[in-house]
Each structure stands twice: as C-alpha cells, then as structure tokens.
Engineer: 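Below are the structure tokens for one structure; questions will follow.
The chain is numbered in sequence order, starting from 1.
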Amino acid sequence: QLERKLAALEGTEACIAFASGMAAIWALFSRLLTSGDHIVMSDVTYAAASELANDTLPDLGIEVTRTDTSDLDGLRKALRPNTRLLYLETPANPLLRLTDIGAAAKVAHEVGVPVAVDSTFATPIALRPVEHGADYVIHSLTKYICGHGDALGGAICGSQADLDRL
C-alpha cells in the first residue's frame, strides 16, 4: 500500500520501498552501473550519497563526475559515451541549489542517459520530477514524507518497466 500511495503522489506507474533512502540509492546505482560505466551527479548532494560516489563507486570501477547540474553547459560536457546515469538532487541538500530538471533531462536524454532525481527535500507536494522528464524519483522517507523522523524508509518511483530492471 505504501508503494501504491507513493506512486500516486509522484504520478508514476510504480514504486519500490526500501529500508532507508540510502538503500534506495544503492539499489539504483548497483543495478544500473557496472565496472567501466560512468555516472554524472551533482557536486552538492546528501553526505552519504557523496561518500558513496567518492569512495565505493570508484572502488567498483565506476567513474564518477561531480558537476554543478544547474550549469547545463557543464552538464553537457560531463556526459560521456559510457555515462549510464545522471543523478540530480534538487533542491540540493544542504545548499538548496536548484536544477532545472526538464532542461537537464533533455540534455541527458539526447544521448540516451536516464535521469534520477533525489526529491527528498521537495516531496511530491512541491515537485514531481517525472513531470519534468526524470526517469526515477528517489526519496528518503525518513525525513519529510514520514513527518516525524521516527521511522526509516526509502523509495524509488518510476515506470513499471524501469523498476522491473531493479
């Protein structure tokens, strides 16, 4: 029921719930990225996601480029032929930098790269990333959606076909 309600809130076909937001992020990364692949992600992200990008992914042979995703020219230059995911966070924690999801998704989709957006801070009340071109929406349910911070959880919302790959 949680997954159905989150999908309805996000306007997506499906949702998968996880034990935490980081579990959701790791599930997405570990299923879409393998050794030799490349990910472009915001240079401002949740600290644990940054640690994953700085330490774990390179140890697995996955190249990581951190960039200001609000700078579309810089974003375009960061994409490579082996880029398999663009990972955005908007508003970005903790600086609240905003990325134009529609414009960033257009740039990524032009070269066949899917887009994931961590929308924890905005919640579906303020932002529905799929309506702007994102393929995946990630939430740490522990924060605003939970409301009290007394329960852990995470989620990935998207199309049924994309989530079936996870």
Side-chain angles (χ1 to χ4, degrees), residues 1-33 39-57 62 64 66-70 75 84-109 113-166:
Q1 190 170 16
L2 172 65
E3 293 170 336
R4 285 192 303 273
K5 289 184 182 224
L6 288 170
L9 284 169
E10 280 295 347
T12 60
E13 293 178 339
C15 179
I16 301 172
F18 293 87
S20 69
M22 280 310 300
I25 293 169
W26 176 245
L28 185 71
F29 287 4
S30 67
R31 295 300 295 166
L32 297 183
L33 304 168
I39 180 174
V40 174
M41 62 190 293
S42 175
D43 59 347
V44 178
T45 57
Y46 174 60
S50 285
E51 290 175 18
L52 186 66
N54 294 340
D55 301 326
T56 305
L57 294 180
I62 298 164
V64 179
R66 307 291 298 273
T67 191
D68 177 351
T69 55
S70 68
L75 176 59
R84 299 293 175 256
L85 184 65
L86 170 59
Y87 182 82
L88 308 174
E89 187 175 315
T90 189
N93 181 5
L95 301 179
L96 303 181
R97 181 192 300 152
L98 300 176
T99 293
D100 181 336
I101 297 169
K106 183 179 180 198
V107 167
H109 290 156
V113 174
V115 177
V117 176
D118 182 329
S119 192
T120 297
F121 200 97
T123 80
I125 292 171
L127 178 67
R128 292 183 179 178
V130 295
E131 292 177 0
H132 301 277
D135 301 288
Y136 301 95
V137 181
I138 296 172
H139 286 285
S140 170
L141 303 177
T142 308
K143 296 174 180 70
Y144 307 108
I145 288 180
C146 171
H148 300 112
D150 57 358
L152 295 176
I156 303 173
C157 301
S159 74
Q160 187 67 57
D162 283 343
L163 295 184
D164 284 345
R165 293 176 46 199
L166 301 181

Engineer: Verify, without hydrogens or angle tests, whether Ser42 (side chain) and Thr45 (backbone) share a donor-acceptor contact under 3.5 angstrom.
Structural biologist: no
Engineer: Taking all heavy atoms of Cys15 and all of Cys157, pick out the closest pair and write down the distance.
Structural biologist: SG-SG, 3.4 Å
Engineer: Can you give me the closest heavy-atom contact between Tyr136 and Pro114, atom names plus distance?
Structural biologist: CE1-CB, 4.3 Å
Engineer: Which heavy atom in Leu163 sits nearest to a heavy atom in Gly158, and how many Å separate them?
Structural biologist: CD1-N, 3.7 Å
Engineer: Rounded to the nearest 0.5 Å, how far apart are CE of Met22 and CG of Leu152?
Structural biologist: 13.0 Å
Engineer: Evaluate whether atom CG of Leu96 has more than 12 neighbouring non-hydrogen atoms of other residues, nucleotides or ligands under 6.0 angstrom away.
Structural biologist: yes
Engineer: Show the nearest heavy-atom pair for residues Leu141 and Gly154, with the distance to one decimal.
Structural biologist: CD1-O, 3.6 Å
Engineer: Can you measure from CD1 (Ile62) to CG (Leu33) and round to the nearest 0.5 angstrom?
Structural biologist: 5.0 Å
Engineer: Starting at OG of Ser50, measure out to CE of Met41 and round the result to the nearest 0.5 Å.
Structural biologist: 5.5 Å
Engineer: State, with a plain yes or no, whether a side-chain heavy atom of Glu13 is found less than 4.5 Å away from one of Asp162.
Structural biologist: no
Engineer: Would you indicate whether the side-chain heavy atoms of Asn93 and Asp118 approach each other to under 4.5 Å?
Structural biologist: no
Engineer: Enter the distance from Thr12:OG1 to Gln160:CD here, rounded to the nearest 0.5 Å.
Structural biologist: 9.5 Å
Engineer: Would Asp43 and Arg97 pass as an ion pair if we require N to O under 4.0 Å?
Structural biologist: yes
Engineer: Within the structure provided, determine whether Leu28 and Leu85 are in side-chain contact (heavy-atom separation under 4.5 Å).
Structural biologist: yes
Engineer: Taking atom OH of Tyr46 as the centre, report whether more than 12 heavy atoms of other residues, nucleotides or ligands fall under 6.0 Å from it.
Structural biologist: no
Engineer: Check whether any side-chain heavy atom of Arg84 sits under 4.5 Å from a side-chain heavy atom of Ile39, and report yes or no.
Structural biologist: no
Engineer: Once you round to the nearest 0.5 Å, how far does CD1 of Ile138 lie from CD of Glu10?
Structural biologist: 11.0 Å
Engineer: Less than 4.5 Å apart, side chain to side chain, heavy atoms only: is that true for His109 and Val115?
Structural biologist: yes
Engineer: CG of Asp68 to CZ of Arg66: how many Å apart, nearest 0.5 Å?
Structural biologist: 11.5 Å
Engineer: Does the side chain of Thr90 reach to within under 4.5 Å of the side chain of Leu127, using non-hydrogen atoms?
Structural biologist: yes
Engineer: So, for Ala104 and Leu86, which heavy atoms are closest and what is the spacing to 0.1 Å?
Structural biologist: O-CD2, 3.9 Å
Engineer: Pair His139, Ser119 - check side chain to side chain contact (heavy atoms under 4.5 Å, CB included), show working.
Structural biologist: CA-CA 6 Å; His139 286 285; Ser119 192; 3.9 Å; yes
Engineer: Would you say the side-chain atoms of Thr99 pair up with the backbone N or O of Ile101, donor to acceptor, closer than 3.5 Å?
Structural biologist: no
Engineer: Are any of the side-chain heavy atoms of Phe29 and Tyr87 separated by less than 4.5 Å?
Structural biologist: yes
Engineer: How close do Leu2 and Ala17 get, heavy atom to heavy atom, and via which atoms?
Structural biologist: CD2-CB, 4.0 Å
Engineer: Test side chain to side chain contact (heavy atoms under 4.5 Å, CB included) on Leu32 and Arg165 and set out the steps.
Structural biologist: CA-CA 8 Å; Leu32 297 183; Arg165 293 176 46 199; 3.3 Å; yes
Engineer: Under 4.5 Å between any side-chain heavy atoms of Phe121 and Glu89, yes or no?
Structural biologist: no
